[in-house]
Amino acid sequence: MQILDGKIVSQSVKENVKGKVILFKKEGKKTPHLAAVLVGSNGASETYVASKVKNCEEVGFKSTLIRLDETISENELITAIEKLNNDEDVDGILVQLPLPKQINEETIINIIHPDKDVDGFHPVSIGKLVQGLPTFIPATPYGIMLMLEHYKIETSGKHAVVIGRSNIVGRPISILLSRNTYPGNCTVTVCHSRTKNLKEICLQADIIVAALGIPEFLKEDMVKEDAVVIDVGITRVPDATKKSGFAIKGDVDFANVSPKCSYITPVPGGVGLMTIAALLMNTFTACENKYR
Ligand code: GUN
């Protein structure tokens with residue numbers, strides 16, 4: 001069993017981006033600039049956004065964090081995003097999800113200009129992804145693809161089972177894995193809460209992507225020998241032994257599943273780190289596109 005190490009791969013991606021930024025500046029081009037919008041003070045969202053901003057700085061990007069009150073109206077948020085759309089210095093815009101209940105997430109995602117949609121959630125980005133055209137790939141699926149690539153994991157002709165059908169992970173990774181290019185060319189089965197015989201389907205999988213958000217859902221009796229297991233879960237569960245009061249749990253019962261796998265991602269230290277690395281790649285691309 002080999003660990004797919006998010007620390008090593010994300011570091012390598014970040015070094016690559018850092019080098020590109022240095023070159024860019026030498027050529028007199030602008031500094032890539034990510035604007036992150038955080039509405040309210042959800043603990044997990046705070047942590048993710050802080051990490052995104054810190055990583056931007058590490059690779060030489062400029063970053064702006066816009067904090068808005070939990071009670072902000074949808075119109076006020078739209079105005080804030082339109083300002084970023086019109087700001088020539090801002091290359092990428094990220095609105096951290098979830099948003100408070102008075103705000104329609106779909107409306108907000110649609111407002112972000114597709115050229116600045118570094119999360120890849122806009123219908124224009126998703127449409128291009130489905131057609132196999134160059135676009136911003138949502139950060140988590142993109143991070144998974146970068147990881148498969150880094151470890152040269154064979155995907156052609158393999159059966160990939162994706163558990164979860166969210167717009168952020170399940171749906172886009174299923175499209176990417178079925179593309180006619182590497183990493184791709186898989187036969188993909190998408191499973192979800194209404195799937196019958198989930199265990200039997202998982203047992204046929206060469207590659208499993210667990211992205212359903214239920215801690216330790218995937219057990220060893222659902223995984224065949226030598227499967228590749230990608231764990232996208234990052235649920236906070238109460239843990240009195242931790243200083244923070246919680247532990248981060250993946251969707252895979254790592255202790256019992258990992259001995260059966262050829263490759264597996266740990267949580268933490270796996271896909272989560274790759275998500276940020278992929279966001280940096282997308283932000284650099286958004287900036288680079290201005291010179292095309
Ligand atoms: N919430 C959970 N994952 C994501 C993500 O990739 N991007 C944004 N903006 N919000 C999220």
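What you are looking at is a predicted structure, and each value in this text was computed from that prediction instead of being measured. The first residue in the sequence is number 1, and the count goes up from there. Counting starts at 1 for both ligands and their atoms, following the listed order.
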Quick one: nearest non-hydrogen protein atom to atom 7 (N) of ligand 1, plus distance? Asp119 OD1, 3.1 Å
If you count the atoms of ligand 1 from 1 in the order shown, which ones are under 4.0 Å from a heavy atom of Phe121? 5 (C), 6 (O), 7 (N), 8 (C)
of all protein heavy atoms, closest to atom 11 (C) of ligand 1 is Gln96 NE2, 3.4 Å
Exceeds 12 heavy-atom contacts within 6.0 angstrom, atom CD of Glu200: yes
Taking atom NZ of Lys249 as the centre, does the number of heavy atoms from other residues, nucleotides or ligands within less than 6.0 Å exceed 12? no
Any salt bridge linking Lys290 with Asp91? Criterion: basic side-chain nitrogen under 4.0 Å from a carboxylate oxygen. yes
Shortest non-hydrogen contact from Phe254 to Pro266? CE1-CA, 4.0 Å
Distance under 4.0 Å to a non-hydrogen atom of Val95: what atoms of ligand 1 satisfy this? 8 (C), 9 (N)
Is any N or O atom of Leu97, backbone or side chain, closer than 3.5 Å to an N or O atom of ligand 1? yes
Please confirm whether Tyr48 comes under 4.0 Å of ligand 1, counting heavy atoms of the residue only. no
With backbone taken as N, CA, C and O and side chain as the heavy atoms from C-beta onward, which portion of Leu279 lies under 4.0 Å from ligand 1: side chain, backbone, both, or neither? neither
Minimum heavy-atom distance Lys25-Gly60, with the two atoms named: NZ-O, 3.1 Å
